[in-house]
Amino acid sequence: MKPSIPQGTRDFSPADVRRRQYILNTIKSVFEVYGFQPLETPSMENLNTLMGKYGEEGDRLIFKILNNGLHEKKDQAKLHEEWDKILSKPYSSTTVTERALRYDLTIPFARYVVMHQNDLAFPFKRYQMQPVWRADRPQRGRYREFWQCDADVVGSNSLLNEAELLCIYQDAFHRLNVPGIQVKINSRKVLAGLAECCGAAEQLTDITVAIDKLDKIGWDGVAKELTERGLEADKVSYIQNYLNISGSTEERLVAMETLLKDSATAQQGIAELRTTLKYMAQLERSEWTSEVLVDFTLARGLNYYTGVIVEVGTTAVKMGSIGGGGRYDDLTGLFGLKGLSGVGVSFGIDRIYDVMTELNLFPEDVDVTTRILFVNIEPEAETTILSYLSHLRGLGISAELYSDAAKFDKQMKYADKRQIPYVGIVGSTELAQKVINLKNMTTGEQQQLSIEQLSEHLV
RNA sequence: GAGGCUAUAGCUCAGUUGGUUAGAGCGUCGGUUUGUGGUUCCGAAGGUCGUGGGUUCGAGACCCAUUAGCCUCCCCA
(Lines give C-alpha, C1' and ligand atoms only; values in the text may rest on other atoms or scores of the structure.)
Protein backbone atom coordinates (compact mmCIF):
# COMPACT_ATOMS: atom_id res chain seq x y z
CA MET A 1 0.00 0.00 0.00
CA LYS A 2 1.03 3.55 -0.58
CA PRO A 3 1.75 5.26 2.74
CA SER A 4 -0.12 8.44 3.50
CA ILE A 5 -1.33 10.57 6.40
CA PRO A 6 -4.83 11.93 6.99
CA GLN A 7 -5.80 15.06 5.14
CA GLY A 8 -4.79 18.23 6.91
CA THR A 9 -2.18 16.59 9.14
CA ARG A 10 1.58 16.91 8.88
CA ASP A 11 4.77 15.07 9.72
CA PHE A 12 7.43 17.19 11.35
CA SER A 13 10.99 16.31 10.37
CA PRO A 14 13.78 16.48 12.97
CA ALA A 15 14.68 19.96 11.71
CA ASP A 16 11.01 21.06 11.88
CA VAL A 17 10.64 19.75 15.41
CA ARG A 18 13.77 21.56 16.59
CA ARG A 19 12.54 24.84 15.13
CA ARG A 20 9.07 24.42 16.56
CA GLN A 21 10.49 23.54 19.94
CA TYR A 22 12.69 26.60 19.80
CA ILE A 23 9.58 28.74 19.35
CA LEU A 24 7.59 26.86 22.00
CA ASN A 25 10.42 26.93 24.53
CA THR A 26 10.96 30.64 24.02
CA ILE A 27 7.28 31.45 24.50
CA LYS A 28 7.11 29.09 27.44
CA SER A 29 10.01 30.79 29.17
CA VAL A 30 8.21 34.12 28.80
CA PHE A 31 5.00 32.68 30.26
CA GLU A 32 6.98 31.31 33.20
CA VAL A 33 8.66 34.63 33.86
CA TYR A 34 5.24 36.26 34.17
CA GLY A 35 4.12 33.68 36.68
CA PHE A 36 1.94 31.47 34.50
CA GLN A 37 1.77 27.77 35.25
CA PRO A 38 1.59 24.91 32.76
CA LEU A 39 -1.57 22.94 32.25
CA GLU A 40 -2.36 19.98 30.05
CA THR A 41 -5.77 18.47 29.38
CA PRO A 42 -6.75 15.28 27.54
CA SER A 43 -6.78 15.13 23.76
CA MET A 44 -10.37 14.05 23.98
CA GLU A 45 -13.22 15.51 25.98
CA ASN A 46 -16.72 14.28 26.55
CA LEU A 47 -18.78 15.37 23.58
CA ASN A 48 -21.21 17.19 25.87
CA THR A 49 -18.39 19.37 27.17
CA LEU A 50 -17.71 20.68 23.68
CA MET A 51 -21.08 20.76 21.95
CA GLY A 52 -22.82 24.11 21.81
CA LYS A 53 -19.76 26.09 22.86
CA TYR A 54 -18.50 27.17 19.45
CA GLY A 55 -21.73 27.98 17.65
CA GLU A 56 -23.52 25.94 15.06
CA GLU A 57 -20.59 26.03 12.63
CA GLY A 58 -18.20 25.03 15.40
CA ASP A 59 -20.30 22.01 16.34
CA ARG A 60 -19.99 20.72 12.79
CA LEU A 61 -16.21 21.03 12.90
CA ILE A 62 -15.72 18.94 16.03
CA PHE A 63 -14.04 15.61 15.36
CA LYS A 64 -16.16 12.95 16.99
CA ILE A 65 -14.92 9.58 18.13
CA LEU A 66 -17.01 6.52 17.41
CA ASN A 67 -17.85 4.54 20.54
CA ASN A 68 -16.26 1.12 20.80
CA GLY A 69 -18.20 -2.07 21.12
CA LEU A 70 -21.38 -0.78 19.54
CA HIS A 71 -22.23 -4.29 18.28
CA GLU A 72 -22.56 -5.60 21.80
CA LYS A 73 -24.73 -2.74 23.08
CA LYS A 74 -27.98 -3.95 24.58
CA ASP A 75 -30.34 -1.41 23.11
CA GLN A 76 -29.82 -1.94 19.39
CA ALA A 77 -33.13 -0.31 18.55
CA LYS A 78 -32.05 2.96 20.12
CA LEU A 79 -28.72 2.75 18.26
CA HIS A 80 -30.43 2.32 14.92
CA GLU A 81 -32.69 5.22 15.67
CA GLU A 82 -29.74 7.48 16.48
CA TRP A 83 -27.87 6.34 13.37
CA ASP A 84 -30.83 7.25 11.22
CA LYS A 85 -30.81 10.75 12.65
CA ILE A 86 -27.08 11.09 12.08
CA LEU A 87 -27.50 10.02 8.47
CA SER A 88 -30.31 12.44 7.78
CA LYS A 89 -29.16 15.72 9.34
CA PRO A 90 -26.36 17.42 11.26
CA TYR A 91 -26.75 15.60 14.53
CA SER A 92 -24.68 14.17 17.33
CA SER A 93 -25.56 11.50 19.79
CA THR A 94 -23.63 10.35 22.79
CA THR A 95 -25.09 6.92 22.17
CA VAL A 96 -22.83 6.71 19.12
CA THR A 97 -20.08 9.24 19.87
CA GLU A 98 -19.55 9.85 23.52
CA ARG A 99 -16.16 11.54 23.10
CA ALA A 100 -14.64 14.08 20.74
CA LEU A 101 -11.22 15.55 20.02
CA ARG A 102 -10.33 18.84 21.66
CA TYR A 103 -11.39 21.76 19.45
CA ASP A 104 -9.53 24.51 21.29
CA LEU A 105 -7.78 25.03 24.62
CA THR A 106 -10.14 27.55 26.14
CA ILE A 107 -13.21 25.39 26.78
CA PRO A 108 -11.14 22.52 28.28
CA PHE A 109 -9.49 25.16 30.47
CA ALA A 110 -12.86 26.47 31.63
CA ARG A 111 -13.95 22.90 32.31
CA TYR A 112 -10.78 22.31 34.32
CA VAL A 113 -11.22 25.47 36.37
CA VAL A 114 -14.78 24.54 37.29
CA MET A 115 -13.82 20.98 38.20
CA HIS A 116 -10.91 22.09 40.34
CA GLN A 117 -12.24 25.37 41.69
CA ASN A 118 -11.67 24.34 45.28
CA ASP A 119 -8.01 23.51 44.72
CA LEU A 120 -7.03 26.53 42.68
CA ALA A 121 -5.64 29.80 43.95
CA PHE A 122 -7.39 32.61 42.12
CA PRO A 123 -6.48 34.52 40.09
CA PHE A 124 -5.34 31.38 38.28
CA LYS A 125 -2.76 31.99 35.58
CA ARG A 126 -2.10 29.09 33.27
CA TYR A 127 -0.48 28.48 29.92
CA GLN A 128 -1.16 25.52 27.67
CA MET A 129 0.56 24.36 24.50
CA GLN A 130 -1.14 21.39 22.88
CA PRO A 131 -2.58 20.29 19.55
CA VAL A 132 -6.24 20.80 18.71
CA TRP A 133 -8.34 19.26 15.93
CA ARG A 134 -10.94 20.66 13.59
CA ALA A 135 -12.81 18.88 10.82
CA ASP A 136 -12.41 21.93 8.65
CA ARG A 137 -11.48 21.88 5.00
CA PRO A 138 -7.69 22.22 4.93
CA GLN A 139 -6.00 24.88 2.83
CA ARG A 140 -2.88 27.03 2.94
CA GLY A 141 -1.95 27.68 6.54
CA ARG A 142 -4.99 25.84 7.82
CA TYR A 143 -4.79 22.32 9.14
CA ARG A 144 -7.02 19.72 10.73
CA GLU A 145 -4.45 19.20 13.45
CA PHE A 146 -2.58 22.22 14.70
CA TRP A 147 -1.07 23.57 17.87
CA GLN A 148 -2.43 26.28 20.05
CA CYS A 149 -0.38 28.10 22.58
CA ASP A 150 -2.51 29.99 25.09
CA ALA A 151 -2.02 31.95 28.30
CA ASP A 152 -5.05 32.96 30.32
CA VAL A 153 -5.82 34.53 33.68
CA VAL A 154 -9.11 33.62 35.25
CA GLY A 155 -10.63 35.14 38.37
CA SER A 156 -9.43 38.72 38.11
CA ASN A 157 -10.99 41.85 36.63
CA SER A 158 -7.83 43.91 36.91
CA LEU A 159 -6.52 45.52 33.75
CA LEU A 160 -3.07 44.78 35.04
CA ASN A 161 -3.63 41.38 33.47
CA GLU A 162 -4.32 42.91 30.08
CA ALA A 163 -1.17 44.98 30.40
CA GLU A 164 0.91 41.94 31.31
CA LEU A 165 -0.41 39.94 28.40
CA LEU A 166 0.52 42.77 26.05
CA CYS A 167 4.00 42.66 27.55
CA ILE A 168 4.11 38.90 27.02
CA TYR A 169 3.57 39.42 23.32
CA GLN A 170 6.26 42.07 23.14
CA ASP A 171 8.68 40.06 25.23
CA ALA A 172 8.16 36.83 23.31
CA PHE A 173 8.56 38.36 19.87
CA HIS A 174 11.55 40.30 21.10
CA ARG A 175 13.19 37.06 22.25
CA LEU A 176 12.29 35.42 18.96
CA ASN A 177 13.79 38.39 17.13
CA VAL A 178 10.75 38.88 14.89
CA PRO A 179 10.83 42.39 13.41
CA GLY A 180 7.93 44.69 12.57
CA ILE A 181 5.64 43.46 15.33
CA GLN A 182 2.41 45.37 15.71
CA VAL A 183 0.18 44.69 18.70
CA LYS A 184 -3.23 46.19 18.03
CA ILE A 185 -5.75 46.66 20.79
CA ASN A 186 -9.35 47.70 20.97
CA SER A 187 -12.27 47.11 23.32
CA ARG A 188 -15.43 45.20 22.68
CA LYS A 189 -17.11 47.84 24.80
CA VAL A 190 -16.18 50.53 22.31
CA LEU A 191 -17.64 48.40 19.52
CA ALA A 192 -20.77 47.80 21.59
CA GLY A 193 -20.95 51.55 22.16
CA LEU A 194 -20.76 52.10 18.43
CA ALA A 195 -23.64 49.72 17.83
CA GLU A 196 -25.56 51.44 20.58
CA CYS A 197 -24.92 54.98 19.36
CA CYS A 198 -25.79 54.24 15.76
CA GLY A 199 -29.01 52.62 16.89
CA ALA A 200 -28.28 49.00 16.09
CA ALA A 201 -27.29 47.60 19.47
CA GLU A 202 -28.76 44.20 18.76
CA GLN A 203 -26.67 43.91 15.57
CA LEU A 204 -23.33 44.12 17.34
CA THR A 205 -22.17 40.82 15.87
CA ASP A 206 -23.10 41.82 12.32
CA ILE A 207 -21.22 45.07 12.74
CA THR A 208 -18.10 43.50 14.22
CA VAL A 209 -17.95 40.75 11.62
CA ALA A 210 -18.19 43.33 8.85
CA ILE A 211 -15.68 45.89 10.12
CA ASP A 212 -13.23 43.14 11.00
CA LYS A 213 -12.82 42.74 7.25
CA LEU A 214 -11.96 46.40 6.64
CA ASP A 215 -8.32 45.86 5.71
CA LYS A 216 -9.31 42.92 3.51
CA ILE A 217 -12.26 44.25 1.53
CA GLY A 218 -11.99 48.02 2.07
CA TRP A 219 -14.67 50.46 3.14
CA ASP A 220 -16.86 49.82 0.09
CA GLY A 221 -16.92 46.12 0.85
CA VAL A 222 -17.74 46.76 4.50
CA ALA A 223 -20.53 49.17 3.59
CA LYS A 224 -21.96 46.62 1.20
CA GLU A 225 -21.85 43.91 3.82
CA LEU A 226 -23.44 46.14 6.46
CA THR A 227 -26.24 46.97 4.07
CA GLU A 228 -26.73 43.32 3.23
CA ARG A 229 -26.94 42.60 6.92
CA GLY A 230 -29.86 45.02 7.13
CA LEU A 231 -28.37 48.29 8.37
CA GLU A 232 -29.91 51.50 7.12
CA ALA A 233 -27.82 54.10 5.30
CA ASP A 234 -27.64 56.55 8.24
CA LYS A 235 -26.28 53.80 10.49
CA VAL A 236 -23.74 52.79 7.88
CA SER A 237 -22.54 56.36 7.55
CA TYR A 238 -22.28 56.63 11.35
CA ILE A 239 -20.02 53.60 11.24
CA GLN A 240 -18.03 55.25 8.50
CA ASN A 241 -17.41 58.25 10.78
CA TYR A 242 -16.22 55.84 13.42
CA LEU A 243 -13.80 54.10 11.09
CA ASN A 244 -12.48 57.40 9.72
CA ILE A 245 -11.09 58.56 13.05
CA SER A 246 -7.35 58.99 12.71
CA GLY A 247 -4.34 60.61 14.32
CA SER A 248 -2.10 59.69 17.22
CA THR A 249 -3.30 57.27 19.86
CA GLU A 250 -4.24 60.11 22.21
CA GLU A 251 -6.00 62.06 19.45
CA ARG A 252 -8.05 59.06 18.50
CA LEU A 253 -8.98 58.27 22.08
CA VAL A 254 -10.21 61.81 22.51
CA ALA A 255 -12.08 61.80 19.20
CA MET A 256 -13.73 58.53 20.13
CA GLU A 257 -14.77 59.85 23.53
CA THR A 258 -16.54 62.67 21.70
CA LEU A 259 -18.15 60.53 18.98
CA LEU A 260 -19.46 57.95 21.43
CA LYS A 261 -20.23 60.37 24.25
CA ASP A 262 -23.77 59.01 24.61
CA SER A 263 -22.64 55.50 25.42
CA ALA A 264 -21.54 54.79 28.96
CA THR A 265 -20.28 51.41 27.79
CA ALA A 266 -18.02 53.00 25.19
CA GLN A 267 -16.68 55.51 27.72
CA GLN A 268 -15.82 52.64 30.02
CA GLY A 269 -14.11 50.80 27.18
CA ILE A 270 -12.00 53.82 26.29
CA ALA A 271 -11.06 54.31 29.94
CA GLU A 272 -10.01 50.67 30.11
CA LEU A 273 -7.79 51.08 27.07
CA ARG A 274 -6.15 54.10 28.71
CA THR A 275 -5.57 52.23 31.95
CA THR A 276 -4.19 49.19 30.17
CA LEU A 277 -1.73 51.32 28.22
CA LYS A 278 -0.69 53.15 31.38
CA TYR A 279 0.07 49.90 33.20
CA MET A 280 1.87 48.56 30.19
CA ALA A 281 4.10 51.61 29.93
CA GLN A 282 5.29 50.89 33.47
CA LEU A 283 6.10 47.28 32.68
CA GLU A 284 7.69 47.75 29.27
CA ARG A 285 11.39 47.24 28.71
CA SER A 286 13.34 49.67 26.61
CA GLU A 287 14.85 47.04 24.32
CA TRP A 288 11.47 45.92 23.00
CA THR A 289 10.95 47.18 19.49
CA SER A 290 7.35 46.23 18.83
CA GLU A 291 4.57 48.77 18.41
CA VAL A 292 1.44 48.70 20.54
CA LEU A 293 -1.37 50.72 19.02
CA VAL A 294 -5.04 51.32 19.56
CA ASP A 295 -7.00 50.31 16.47
CA PHE A 296 -10.72 50.96 16.65
CA THR A 297 -11.26 48.90 13.50
CA LEU A 298 -10.02 45.76 15.22
CA ALA A 299 -12.98 43.49 15.90
CA ARG A 300 -11.93 39.83 16.10
CA GLY A 301 -14.51 37.25 15.20
CA LEU A 302 -15.01 35.39 18.45
CA ASN A 303 -18.08 36.82 20.03
CA TYR A 304 -17.42 35.68 23.56
CA TYR A 305 -14.99 38.58 24.03
CA THR A 306 -16.43 41.33 26.20
CA GLY A 307 -13.61 43.74 27.02
CA VAL A 308 -10.17 44.55 25.68
CA ILE A 309 -9.25 42.63 22.54
CA VAL A 310 -5.83 42.26 20.97
CA GLU A 311 -4.31 41.00 17.76
CA VAL A 312 -0.65 40.67 16.72
CA GLY A 313 0.86 40.87 13.28
CA THR A 314 4.13 41.73 11.63
CA THR A 315 4.73 44.24 8.88
CA ALA A 316 7.86 42.36 7.84
CA VAL A 317 6.00 39.63 5.97
CA LYS A 318 2.69 39.43 4.20
CA MET A 319 0.86 37.17 6.63
CA GLY A 320 -2.32 37.16 8.65
CA SER A 321 -2.34 37.58 12.40
CA ILE A 322 0.15 35.57 14.42
CA GLY A 323 -1.58 35.98 17.75
CA GLY A 324 -4.72 37.29 19.36
CA GLY A 325 -6.82 37.33 22.46
CA GLY A 326 -9.03 39.32 24.75
CA ARG A 327 -11.20 39.40 27.82
CA TYR A 328 -14.26 37.26 28.19
CA ASP A 329 -16.57 37.65 31.13
CA ASP A 330 -18.16 34.64 32.70
CA LEU A 331 -16.43 31.94 30.68
CA THR A 332 -16.93 29.33 33.38
CA GLY A 333 -20.60 30.17 33.67
CA LEU A 334 -21.22 27.61 30.94
CA PHE A 335 -20.19 24.96 33.45
CA GLY A 336 -22.04 26.44 36.37
CA LEU A 337 -19.40 28.63 38.00
CA LYS A 338 -20.66 32.19 37.74
CA GLY A 339 -18.85 35.47 38.03
CA LEU A 340 -15.32 34.50 37.02
CA SER A 341 -13.80 36.79 34.42
CA GLY A 342 -10.96 35.68 32.19
CA VAL A 343 -8.48 37.27 29.85
CA GLY A 344 -6.10 35.45 27.58
CA VAL A 345 -3.84 35.50 24.56
CA SER A 346 -2.91 32.93 21.98
CA PHE A 347 0.19 32.51 19.81
CA GLY A 348 -0.27 31.12 16.32
CA ILE A 349 2.82 29.01 16.26
CA ASP A 350 2.41 27.57 12.76
CA ARG A 351 2.30 31.05 11.31
CA ILE A 352 5.13 32.25 13.54
CA TYR A 353 7.13 29.33 12.18
CA ASP A 354 6.37 30.41 8.62
CA VAL A 355 7.32 34.01 9.32
CA MET A 356 10.58 33.01 10.97
CA THR A 357 11.44 30.62 8.16
CA GLU A 358 10.79 33.28 5.55
CA LEU A 359 12.94 35.82 7.38
CA ASN A 360 15.57 33.24 8.31
CA LEU A 361 15.34 34.07 12.01
CA PHE A 362 16.25 30.72 13.55
CA PRO A 363 19.59 30.64 15.35
CA GLU A 364 22.19 28.45 13.70
CA ASP A 365 22.59 26.16 16.67
CA VAL A 366 19.01 24.95 16.51
CA ASP A 367 20.19 22.22 14.21
CA VAL A 368 22.91 20.89 16.49
CA THR A 369 23.14 17.16 16.30
CA THR A 370 25.60 14.56 17.48
CA ARG A 371 29.01 16.18 18.06
CA ILE A 372 31.15 13.23 17.10
CA LEU A 373 30.67 10.01 15.19
CA PHE A 374 33.20 7.21 15.54
CA VAL A 375 33.61 5.19 12.38
CA ASN A 376 33.40 1.45 12.68
CA ILE A 377 36.34 0.01 10.72
CA GLU A 378 38.32 -2.08 13.16
CA PRO A 379 36.51 -4.78 15.14
CA GLU A 380 39.37 -4.87 17.66
CA ALA A 381 38.72 -1.22 18.51
CA GLU A 382 35.09 -1.70 19.48
CA THR A 383 35.64 -2.08 23.22
CA THR A 384 37.89 0.97 23.35
CA ILE A 385 35.48 3.10 21.35
CA LEU A 386 32.57 2.10 23.58
CA SER A 387 34.55 3.31 26.57
CA TYR A 388 35.18 6.59 24.73
CA LEU A 389 31.45 6.96 24.12
CA SER A 390 30.70 6.40 27.75
CA HIS A 391 33.35 8.95 28.77
CA LEU A 392 32.12 11.64 26.35
CA ARG A 393 28.47 11.13 27.17
CA GLY A 394 29.30 11.44 30.85
CA LEU A 395 30.61 14.92 30.02
CA GLY A 396 27.41 15.76 28.21
CA ILE A 397 28.95 15.48 24.75
CA SER A 398 26.69 13.61 22.35
CA ALA A 399 28.67 10.84 20.69
CA GLU A 400 27.89 7.83 18.53
CA LEU A 401 29.56 4.82 17.02
CA TYR A 402 28.40 3.83 13.55
CA SER A 403 26.75 0.58 14.47
CA ASP A 404 27.68 -1.52 11.45
CA ALA A 405 31.11 -2.26 9.99
CA ALA A 406 30.13 -0.69 6.67
CA LYS A 407 32.53 0.65 4.06
CA PHE A 408 34.53 3.62 5.15
CA ASP A 409 33.13 6.03 2.61
CA LYS A 410 29.57 5.03 3.42
CA GLN A 411 30.19 5.92 7.04
CA MET A 412 31.72 9.24 6.04
CA LYS A 413 28.74 10.02 3.82
CA TYR A 414 26.46 9.25 6.72
CA ALA A 415 28.32 11.69 8.97
CA ASP A 416 28.25 14.28 6.24
CA LYS A 417 24.56 13.91 5.55
CA ARG A 418 23.72 14.23 9.21
CA GLN A 419 26.00 17.25 9.45
CA ILE A 420 27.95 15.78 12.30
CA PRO A 421 30.85 18.20 12.86
CA TYR A 422 33.50 15.67 13.97
CA VAL A 423 34.41 12.14 12.99
CA GLY A 424 36.60 10.00 15.24
CA ILE A 425 38.72 7.38 13.51
CA VAL A 426 40.14 4.53 15.55
CA GLY A 427 41.75 1.81 13.47
CA SER A 428 44.55 -0.56 14.37
CA THR A 429 47.22 2.17 14.30
CA GLU A 430 45.31 4.56 16.58
CA LEU A 431 44.33 1.69 18.84
CA ALA A 432 47.96 0.73 19.36
CA GLN A 433 48.95 4.34 20.08
CA LYS A 434 45.88 4.94 22.31
CA VAL A 435 44.84 7.96 20.26
CA ILE A 436 41.92 9.08 18.18
CA ASN A 437 42.30 10.51 14.73
CA LEU A 438 39.85 13.41 14.96
CA LYS A 439 38.58 14.80 11.70
CA ASN A 440 36.92 18.20 11.52
CA MET A 441 34.27 17.77 8.84
CA THR A 442 34.03 21.47 8.08
CA THR A 443 37.71 22.14 7.49
CA GLY A 444 38.82 18.62 6.66
CA GLU A 445 41.69 18.89 9.14
CA GLN A 446 42.75 15.88 11.16
CA GLN A 447 44.75 15.53 14.35
CA GLN A 448 45.76 12.75 16.71
CA LEU A 449 44.42 13.25 20.22
CA SER A 450 44.09 11.27 23.43
CA ILE A 451 40.54 10.84 24.74
CA GLU A 452 41.23 13.53 27.37
CA GLN A 453 42.47 15.99 24.77
CA LEU A 454 39.54 15.14 22.56
CA SER A 455 37.05 15.76 25.37
CA GLU A 456 38.55 19.17 26.04
CA HIS A 457 38.45 19.94 22.34
CA LEU A 458 34.77 19.17 22.06
CA VAL A 459 33.46 20.72 25.26
C1' G B 1 -21.33 24.37 2.22
C1' A B 2 -19.85 26.81 -3.19
C1' G B 3 -16.18 26.97 -7.04
C1' G B 4 -11.38 26.01 -9.66
C1' C B 5 -6.78 23.12 -10.61
C1' U B 6 -3.96 18.67 -10.53
C1' A B 7 -2.90 13.17 -10.56
C1' U B 8 3.40 9.93 -15.02
C1' A B 9 9.93 6.58 -11.03
C1' G B 10 11.19 7.38 -3.83
C1' C B 11 10.95 13.25 -4.79
C1' U B 12 10.25 17.52 -8.48
C1' C B 13 8.43 17.40 -13.12
C1' A B 14 8.80 16.73 -19.10
C1' G B 15 6.01 13.91 -22.51
C1' U B 16 4.67 18.29 -28.94
C1' U B 17 -2.62 18.22 -33.03
C1' G B 18 -3.64 10.50 -30.06
C1' G B 19 1.32 6.57 -33.19
C1' U B 20 5.71 1.55 -32.07
C1' U B 21 10.50 -0.57 -26.56
C1' A B 22 8.00 5.71 -21.09
C1' G B 23 11.96 10.52 -20.33
C1' A B 24 15.10 14.09 -17.35
C1' G B 25 17.05 16.07 -12.86
C1' C B 26 17.60 14.86 -7.87
C1' G B 27 17.76 10.72 -4.60
C1' U B 28 19.01 5.34 -3.84
C1' C B 29 22.42 1.27 -4.77
C1' G B 30 27.04 -0.58 -7.12
C1' G B 31 31.97 0.46 -9.34
C1' U B 32 36.36 3.91 -9.96
C1' U B 33 42.01 -2.00 -6.82
C1' U B 34 40.05 -2.85 -0.74
C1' G B 35 41.34 3.64 6.10
C1' U B 36 38.58 9.44 4.31
C1' G B 37 32.59 12.70 3.17
C1' G B 38 30.71 17.08 0.93
C1' U B 39 32.91 18.48 -5.89
C1' U B 40 34.26 14.21 -10.72
C1' C B 41 33.54 9.87 -13.93
C1' C B 42 30.98 5.04 -15.26
C1' G B 43 26.91 1.83 -14.41
C1' A B 44 22.33 -0.29 -12.31
C1' A B 45 17.72 -0.80 -10.09
C1' G B 46 13.04 1.60 -9.97
C1' G B 47 6.66 3.24 -13.41
C1' U B 48 -0.03 -2.25 -14.83
C1' C B 49 1.03 6.69 -16.40
C1' G B 50 -4.60 7.53 -9.31
C1' U B 51 -8.90 3.90 -10.19
C1' G B 52 -13.09 2.10 -13.43
C1' G B 53 -15.49 2.54 -17.93
C1' G B 54 -15.81 4.64 -23.03
C1' U B 55 -14.18 6.67 -28.13
C1' U B 56 -10.33 4.71 -31.67
C1' C B 57 -6.83 0.29 -35.89
C1' G B 58 -4.09 2.53 -31.74
C1' A B 59 -4.91 6.38 -25.34
C1' G B 60 -0.06 8.76 -20.59
C1' A B 61 -2.68 12.28 -23.96
C1' C B 62 -9.60 12.72 -25.84
C1' C B 63 -14.76 11.86 -23.15
C1' C B 64 -17.62 10.17 -18.67
C1' A B 65 -17.55 8.50 -13.73
C1' U B 66 -14.93 7.82 -9.21
C1' U B 67 -11.18 8.63 -5.51
C1' A B 68 -7.34 11.52 -3.53
C1' G B 69 -4.44 15.92 -3.11
C1' C B 70 -3.82 21.25 -3.74
C1' C B 71 -6.01 26.21 -4.12
C1' U B 72 -9.99 30.23 -3.66
C1' C B 73 -14.63 31.83 -1.12
C1' C B 74 -17.46 31.19 3.61
C1' C B 75 -15.40 30.61 8.46
C1' C B 76 -11.39 30.28 11.32
C1' A B 77 -5.76 29.82 14.04
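Every value quoted in this text rests on a predicted model; they were computed, and no experiment measured them. Per chain, numbering begins at 1; letters A, B, ... match sequence-line order.
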**Student:** Just to be sure I understand the rule, does A:Tyr143 reach a base, reach only the sugar-phosphate, or reach nothing, if contact means heavy atoms closer than 4.0 Å?
**Tutor:**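 Base contact - A:Tyr143 has a heavy atom under 4.0 Å of at least one base atom.
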**Student:** Output yes when at least one side-chain N/O atom of A:Lys417 is less than 4.0 Å from OP1 or OP2 of B:U28, else no.
**Tutor:**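 Yes, such a contact exists.
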**Student:** Touch check for A:Ile425, heavy atoms < 4.0 angstrom, all strands: base, sugar-phosphate only, or nothing?
**Tutor:**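 Answer is base: heavy atoms of A:Ile425 come under 4.0 Å of a base.
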**Student:** Please work out if A:Ser346 contacts a base, only the sugar-phosphate, or nothing of the nucleic acid, heavy-atom cut-off 4.0 Å.
**Tutor:**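 A:Ser346: no heavy atom of the nucleic acid under 4.0 Å.
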**Student:** Can you work out whether A:Arg137 or A:Gly348 has the more 5'-proximal nearest nucleotide on RNA chain B?
**Tutor:**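 The 5'-side residue here is A:Arg137.
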**Student:** Could you pick out which residue, A:Asn440 or A:Tyr103, lies toward the 5' side of RNA chain B when each is mapped onto its nearest nucleotide?
**Tutor:**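 The residue mapped nearer the 5' terminus is A:Asn440.
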**Student:** Is A:Gln7 touching bases, backbone alone, or none of the nucleic acid, heavy atoms closer than 4.0 Å?
**Tutor:**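 Answer is sugar-phosphate: A:Gln7 comes under 4.0 Å of backbone atoms only.
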**Student:** Answer yes or no for A:Arg371 and A:Tyr422: cation-pi contact, defined as NZ/CZ to six-membered ring centre under 6.0 Å and angle to ring axis within 45°.
**Tutor:**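 So A:Arg371 doesn't make the cation-pi contact.
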**Student:** With rounding to the closest Å, how many angstrom separate the C1' atoms on B:C5 and B:G50?
**Tutor:**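 Result for the C1' pair: 16 Å, nearest Å.
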**Student:** Select base, sugar-phosphate, or nothing to describe what A:Arg134 touches, counting heavy atoms under 4.0 Å on all strands.
**Tutor:**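 Counting heavy atoms under 4.0 Å across all strands, the contact made by A:Arg134 includes a base.
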**Student:** Given the ring of A:Tyr103, does A:Arg134 sit roughly above its face, with NZ or CZ under 6.0 Å from the centre of the six-membered ring and within 45° of the axis?
**Tutor:**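 Cation-pi check for A:Arg134 and A:Tyr103: passes.
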**Student:** Take the protein atom CE of A:Met412 and the nucleotide atom P of B:U36, then report the distance between them rounded to whole Å.
**Tutor:**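 Taking CE of A:Met412 and P of B:U36, I get 9 Å after rounding.
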**Student:** Across the strands shown, which category fits A:Asp350 at heavy-atom distances under 4.0 angstrom: base, sugar-phosphate, nothing?
**Tutor:**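 Answer is nothing: A:Asp350 stays at 4.0 Å or more from every strand.
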**Student:** Between A:Ser450 (side chain only) and A:Gln453 (backbone N and O only), is there a donor and an acceptor less than 3.5 Å apart?
**Tutor:**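 Yes, the answer is positive, given that a donor and an acceptor are paired below the 3.5 Å cut-off.
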**Student:** Looking only at atom P, what distance separates B:A45 and B:U39, rounded to whole Å?
**Tutor:**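 It works out to 24 Å between them.
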**Student:** Does A:Arg126 count as lying over the ring of A:Phe109, i.e. NZ or CZ under 6.0 Å from the six-ring centre, within 45 degrees of the axis?
**Tutor:**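 Yes, a cation-pi geometry.
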**Student:** Let me check I have this right: for RNA chain B, each base becomes ., (, ), [, ] or |, based on Watson-Crick or G-U pairs with both distances under 3.5 Å. What is the full string?
**Tutor:** (((((((..((((.....[...)))).((((.........)))).....(((((..]....))))))))))))....
**Student:** For a quick check of understanding: with a heavy-atom distance under 4.0 Å over all strands, which category does A:Glu430 fall into, base, sugar-phosphate or nothing?
**Tutor:**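 Result for A:Glu430 = base.
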**Student:** Within the structure shown, what part of the strands sits under 4.0 Å from A:Gly427 by heavy-atom distance: base, sugar-phosphate, or nothing?
**Tutor:**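 Since a base atom lies under 4.0 Å of A:Gly427, the category is base.
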**Student:** Students often mix this up, so state it plainly: with edges at 30° and 60°, are the rings of A:Phe347 and A:Phe173 parallel, tilted or perpendicular?
**Tutor:**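 Ring orientation of A:Phe347 relative to A:Phe173: tilted.
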**Student:** Knowing that exactly one of A:Lys64, A:Arg111, A:Arg102, A:Lys53 qualifies, which makes a salt bridge (charged side-chain N to carboxylate O under 4.0 Å, His left out) with A:Glu45?
**Tutor:**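 Result for salt bridge (charged side-chain N to carboxylate O under 4.0 Å, His left out) with A:Glu45: A:Arg111.
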**Student:** Can you give me the N/O atom pairs linking the protein to nucleotides 38-43 of chain B at distances under 3.5 Å, or say none if there are none?
**Tutor:**
| residue | atom | partner | partner atom | Å |
| --- | --- | --- | --- | --- |
| B:G38 | O4' | A:Asp416 | OD2 | 2.9 |

**Student:** Can a cation-pi geometry be assigned to A:Arg20 and A:Phe12, taking NZ or CZ under 6.0 Å from the six-membered ring centre and within 45° of the ring axis?
**Tutor:**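 Yes, cation above the ring, under 6.0 Å and within 45°.
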**Student:** Expressed in angstrom and rounded to an integer, what is the separation of A:Gln139 atom CD from B:C71 atom P?
**Tutor:**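 Interatomic distance, CD of A:Gln139 to P of B:C71: 7 Å.
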